[in-house]
Each structure stands twice: as C-alpha cells, then as structure tokens.
Amino acid sequence: MSEALRQALARVATKLGAADAEFVLERPKDAGHGDMATNLAMVLARVQKAPPRAVAASIIEALDLPPGVIEKTEIAGPGFINFWLATDELAASLRGIVEAGPRYGRHDFGRGSRVNVEFVSANPTGPLHVGHGRGGALGDGIAALLEWTGHQLTREFYINDAGVQIDRVGQSLWARVQEAAGRPFAIPEGGYHGEYLREDAVKVLEREGREFADLPDEEGVRRCRALALVMQREEQDRDLASFGVRYDVMTSEQAIYDRGAIPATLALLASRGLTFERDGALWLRTTDFGDDQDRVLRKSDGSYTYFLPDIAYHVDKHDRGFDRVIDVWGADHHGYVPRVRAALRALGYPDDFFHVTVVQLVKVLRGGDEVKMSKRSGEFVTLRDLVDEVGPDAARYFFLMRRGDSQLNFDLDLAKSQTEENPVFYVQMAHARMSGIFRVAGVAPEAVDADVRLDALPAPEDRELLKKLTAFPEVTARAARDLEPNKVTGYLEELARLAHGWYHKCRVLGEPPEVEHARLALARATRIVLANGLTLLGLSAPDRM
RNA sequence: GCGCCCGUAGCUCAGGUGGAUAGAGCAUCAGCCUUCUAAGCUGAGGGUCGUAGGUUCGAAUCCUACCGGGCGCACCA
C-alpha cells in the first residue's frame, strides 16, 4: 500500500523539477502523525528555496492518487506531510495477505542477479564452535533474505583441506592412534590436543584394525591425514544439518590446486603488471588498490601464501558467473578484507562484486556468568552442545537477533526458558495462539475467506495489528538490502506483541457473525505473516506449544 | 604504534541512511486482568546518545581529535 503512495510522490517530485530527490516515506511511531509520513517537502525546500510548509502544500495540491486510498492529509511540524489511509485500502491489504499466503513478503527485485553466499567454511580440523554457529545462522539468514527478494542463490562452504593445519591434524591423530594402541606418543609442536581426536583414534583402530598402528610413521601420518579430513567433515556436516543449515556447493581448496588454478591466477596477475619481486619473494601491489601495504603471493622459499589460493578461489567464483559474492567471516579475519578487496579491484571486478559480513564474537552466559572456552576441562564450547541444550530454533534465533557487527551475549538460561521474556518462545507462541483459535473453532484457517468489510473490526487493536501486517514486505526488502536478518527478528517481536495484545483484548469466537468472520480473517493473516517470518529465518512455526 | 568494529535508560538492544518530544523488551514502582493456551493491559520513574569540537535550517546519525571495550596488524593459516 505504501508503494502506490511512494510512486505518486516521486511523480510530484519530477513535476517540480527534482526527479532524483531522495525522500523518506515512513510509518511514524506516533499515531498522531498518521499512517504514513514523508519528508519530501523538506527535501524539495532546499532546491526550491521556499519554506518547507509552503512546498508541502503544493505537493498535496499536485498529488494524483486514485480515490479511496488516502482519507486525509496534514502538514505538520517543520514540513512533514502525514497521510491517513482509507479503511477500504486496509481491507484490500488484508485480502492481499491472504491471497499471497506463503509468498507474502516475497519480492522479485533481485531477479536476474546471481549471488553466492559463503559462510562457516571452518577448517576441517575439529568440531564447530559457537562462533561458527553464529556465522551459519547469519549466512543462511542472509541467503534466505536474498532468495525471498528474487535473487538466484548459491550457498557455499569452502574447505581448507590443503594447508599446514590439516597436516598437523594428521600428525596429531597418528599420535592418538599410538596412544590408543598403548604405545608411547607425542602430540607434535603446534598440533591439536582436543579430546575428540582421542575418540577418532579409537574409531580408526576399530575400522582399520589393530595393525593400523604398526604402519611406518610416514604412511600412518599420511593415512591419518586423509581419515581425519573425512571424519571432521562428516562431523561438521552433521552438526550443520542438525542446526538446519544445508549447502549447494562445497569447494575444496585442494581441488583448486589440483586444477592448476594457482599458477593460472599468478600468471593473470603478472600479465597485468600487478606483481613485483623483492627479497626473493613475489608481491602483489595491493597498495595501489586501497590496502595499506603490499602483500606476498609467493614466499622466498618458493611456496605460496594463503593469500594466493584465496584470490584464485574468488576468481573462480567470478568465473562461475556470480554477480555478487558475500563472504561471512569471523572477526578474527576482518583485517584480511582490504587485501582481498584490493586484489579483486586490481583484476577489474566492480566494487560491489565482493562483500564481507563480519561476525563478532559470541559470549555464552549461564547464570549470568560467562562460560569460558576451556581446552583443559572440555567445558561447553561446541555448536553441537549448544544445539543439544537449547534446541535449533532458539540457537538460530539468538544468533540472528543481533547485528553481525556487534558482540553477542548468548544467555543460555533465557534461550531455554518457556516464558515471554524469551523472544523465540514469545514469537512462536503468538503463532500457536492464532492456530489455537482455528482449532477451537473447528475450521481450517484456509477455509476462512478474507472478503470482509473493515467496519466489522470495531477495536483500535484490530486496525493496529492489520497495519503492522502490511509492513512485512517493507521489512523483508530492507533486511535484504542491508543483509541484516535481525531486522526480521525485531519486526516479529513487535508483531507478536501486538498479536498477543489483540488476542487478549479482542474476542474472536462467539462475537456477532460479521465480527467473528472479520477477526478470523485477521487471525489467518497474522498467522501467515508470523509463519512466513519464522520460516524465512529457518525456524519452526508450531501450531501448539 | 597503525587499521577495522563497537560505545544509546539499571540490563539487553532498536533507531528505515540528516528530520517531529531519542524508542522497545526486561527489571523497578502503582493499579487492573486471569479469557479462543497463563506467558496480557494501563500508568510512573529512569538519558549530557562515551567526551570535546566542527559541518547546517536541523546531528544518536556526517567530519576531526580524544577516552573506553573488542578484533586484527607475518614471506602464519
């Protein structure tokens, strides 16, 4: 409903000679300011060199809208124009929600755009921790938002299976195999001391036989490296699946090497004159593209830095035809952003091709105290433990409800509590209550048509709730634009609050037939929006709790 | 030392890209309600938007400096 108004205002701006005017059309928090308000007059006042309130009057004069949309306009404050919508317009919105059903809130403005969202991408060296969980929830939420707005989307996981770290896991696992066979052993320098490798070693001996431990060290390490890789990947996939995250593409770093992409990328950079030699190493001139120092691609000992395969990987994504690539990285990698951006800029990719969303660290709280990550005690660190304790819905919701770039306090007690203070519970309960009305009435929500007159909704709560429902498409659009799923959780909490209040105040069943029918339609629409929001975020929308 | 992120009510956080008297939830206080699932309603108190300057009709929002917290700063991955 706001779209028609927005377009009408844009037409007026054009007529007044300011076609590119950037104005805001918003829903005022103060009910006294109408249903919609715009600052267009104040924006135009600058160009027109006229008092804002006078400009506002001429805007209203020039506004051409079909009849039955706006009931009243008003010039207020320094030059805001406030609009009150006609009730027929709201009734039409109610029908629109019910007709769109599960598609309500979707858009197609992203049509034709191919986007890749890469997230988690944990090293295959151990179990996922809570930070990965946050990256997983956020990456998946961003992906879902882009899908809802019509983008063609690929969810991708990058496996760092080629580096030194995986070698060290292989050595560490081999040591644990020796331990499990009752032999002297030593975890190598820089190796992995986690308990999980002990368990893996036992599995290895079960699967491969006791004589596996008798292999020469070199072969044992080599085979342990491969086994560890498979086992850790399986573990991670299982954890991600129980968390509701699935991928379209898994890309192996090793495969990029095997394909010869490394020398190819090096040649590409060199042919463009972007590299130079110094102190026996090969450098990329990233300072020409916004980095604060040049970066080494090939070390003086002839081996490559991690930077080069990373460039090759992004070149690969570009060559696969994506218009846009979004990487979700942990805060500990954010210093790495400028050099990758510089490299891609150097290759001539558009600036909006590459976007990094950084997730800050997660602090887990129990009983008000921080749960420390402790290797010694093996205390609660993994995503699996978290999901086992609070469930996948609460875990996802808590990771999503804050912006990625602020630090997150994950309150375990709150996440588990079955009270209104717990936002997940609160939102899901609102959905369950809407469902409960139909259960008691003995009718399916789908059987209730939305062909109602709005005068049949007598309470101000009816109208407030409906107005909130009509804001949902704007929320998904804005959340997708900003890549911020927390805008959806925030909206759902506001909607749930209104829904609970409405439920409490406005009786549905047993009212006069016209009122009962209209409120059933409103309950149906509310249930649709709550379900769509929850589904978008990868959460369940239970009918009873 | 340098770079990036953050700093808004007692707590946790919003704040639609510069607009109206800075908002919500929780907590506190005073009342009410107990229903289609108890997880609701009304009101009150609570703020130097980290600090100081600047930009302009207008700044929590943009710029500069400083303070505090976090992360990073390799020919590591």
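Order of the sequence lines fixes the chain letters, A, B, ..., with proteins taken first and strands second; residue numbering starts at 1 for each chain.
Taking atom C1' on both B:G18 and B:C49, the two are 15 Å apart, rounded to the nearest angstrom. Rounded to the nearest Å, the gap between the P atom of B:G25 and that of B:A14 is 16 Å. Annotation: B:G72 and B:C26 have their P atoms spaced 36 Å apart (nearest Å). With both ends at atom P, the span from B:C4 to B:C76 equals 25 Å, rounded to whole Å. Between B:G70 and B:C62, the distance separating the two C1' atoms is 24 Å to the nearest Å. Comparing B:U8 with B:C13, their P atoms sit 9 Å apart, to the nearest whole Å. With both ends at atom C1', the span from B:A9 to B:G45 equals 11 Å, rounded to whole Å. Between B:G7 and B:G15, the distance separating the two P atoms is 10 Å to the nearest Å.
Taking 90° from 0 as the syn/anti boundary, the base of B:U55 is oriented anti.
Base pairing of B:C4 is made with B:G70, judged by Watson-Crick or G-U wobble geometry with both donor-acceptor distances under 3.5 Å. Pair assignment for B:C75 gives none, since no Watson-Crick or G-U wobble pairing has each distance under 3.5 Å. Using Watson-Crick or G-U wobble geometry with both donor-acceptor distances under 3.5 Å, B:U28 finds its partner in B:A44. B:U21: no Watson-Crick or G-U partner with both key distances under 3.5 Å is found in any strand. The pairing partner recorded for B:U64 is B:A52, the criterion being a Watson-Crick or G-U wobble arrangement whose two distances lie under 3.5 angstrom. Across all strands shown, B:G16 remains unpaired; no Watson-Crick or G-U wobble contact has both distances below 3.5 Å.
One atom, NE2 of A:His355, and another, P of B:C4, lie 17 Å apart when rounded to the nearest Å. Taking atom OH on A:Tyr491 and atom P on B:G25, their separation rounds to 17 Å, with Å as the unit. Taking atom CE of residue A:Met401 and atom P of nucleotide B:A14, one finds them 10 Å apart after rounding to whole Å. Going from atom CZ of A:Arg439 over to atom P of B:U35 covers 17 Å, rounded to whole Å. Per the geometry, CG belonging to A:Leu400 stands 13 Å off P belonging to B:A14, to the nearest Å. In this structure, A:Glu26 places its CD atom 8 Å from P of B:A20, rounding to the nearest Å.
Comparing A:Ala496 and A:Leu509, the nucleotide of RNA chain B nearest to each residue sits closer to the 5' end for A:Leu509. Judged by closest nucleotide on RNA chain B, A:Asn82 is the one of A:His504 and A:Asn82 placed further toward the 5' end.
With salt bridges taken as basic N to acidic carboxylate O contacts below 4.0 Å, one links A:Lys487 and A:Asp482. Remark: A:Asp301 does not engage A:Lys299 in a salt bridge, criterion side-chain N to carboxylate O under 4.0 Å. Salt-bridge formation is not detected for the pair A:Arg497/A:Glu494: no Lys NZ or Arg NE/NH1/NH2 atom is positioned less than 4.0 Å from an Asp or Glu carboxylate oxygen. Between A:Arg345 and A:Asp291, no side-chain nitrogen of the basic residue sits less than 4.0 Å from a carboxylate oxygen of the acidic one, so the salt-bridge criterion is not met. Salt bridge A:Arg225/A:Asp167: present, at least one basic N to carboxylate O contact under 4.0 Å. The existence of a salt bridge linking A:Asp352 and A:Arg324 is excluded, since no basic side-chain nitrogen approaches an acidic carboxylate oxygen closer than 4.0 Å.
Residues A:Met401 and A:Asn486 fail the side-chain proximity criterion, which asks for heavy atoms closer than 4.5 Å.
Checking B:C36, B:A20, B:A14 against every side-chain atom of A:Ala76, the shortest atom distance belongs to B:A20. Side-chain proximity of A:Tyr503 to B:G25, B:C36, B:A14: nearest is B:C36. Counting only heavy atoms from C-beta on, A:Arg481 has its side chain closest to B:U17 among B:A24, B:U17, B:G40. Checked against B:C13, B:U37, B:G25, the side chain of A:Asn409 finds its nearest nucleotide in B:C13. Nearest nucleotide to the A:Arg507 side chain, out of B:A24, B:U17, B:C36: B:C36.
Residues that satisfy the ring pair (Phe, Tyr, Trp, His ring centres under 6.0 Å) test with A:Phe289, not counting sequence neighbours, are absent from this structure.
Residue A:His33 has no polar side-chain atom (N or O) positioned under 4.0 Å from OP1 or OP2 of B:A20. Side-chain nitrogen and oxygen atoms of A:Arg402 include at least one within less than 4.0 Å of the OP1 or OP2 phosphate oxygen of B:C13.
Within 4.0 Å (heavy atoms only), A:Phe438 reaches no atom of the nucleic acid at all. Using a 4.0 Å heavy-atom criterion, one finds that A:Lys505 contacts no nucleic acid atom at all. Nucleic acid contact class of A:Gln418 (heavy atoms, under 4.0 Å, all strands): base. Using a 4.0 Å heavy-atom distance criterion, A:Gly436 is classed as a sugar-phosphate-only contact. Contact annotation for A:Met545: base contact, defined as any heavy-atom pair under 4.0 Å involving a base atom. Here A:Val508 lies in heavy-atom contact (under 4.0 Å) with a base. Within 4.0 Å of A:Ala523, counting heavy atoms only, lies no atom of the nucleic acid at all. A:Ala441 comes within 4.0 angstrom of nothing in the nucleic acid, heavy atoms only.
Here the shortest heavy-atom pairing between A:Val130 and A:Phe399 reads O-CZ, 3.5 Å.
A:Asn422 contributes a side-chain N or O that, together with a main-chain N or O of A:Ala415, makes up a donor-acceptor pair within less than 3.5 Å.
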Could you run down nucleotides 67-77 of chain B 5' to 3' and tag each one B, S or - for protein heavy-atom contact under 4.0 Å? ---BBS--BSB

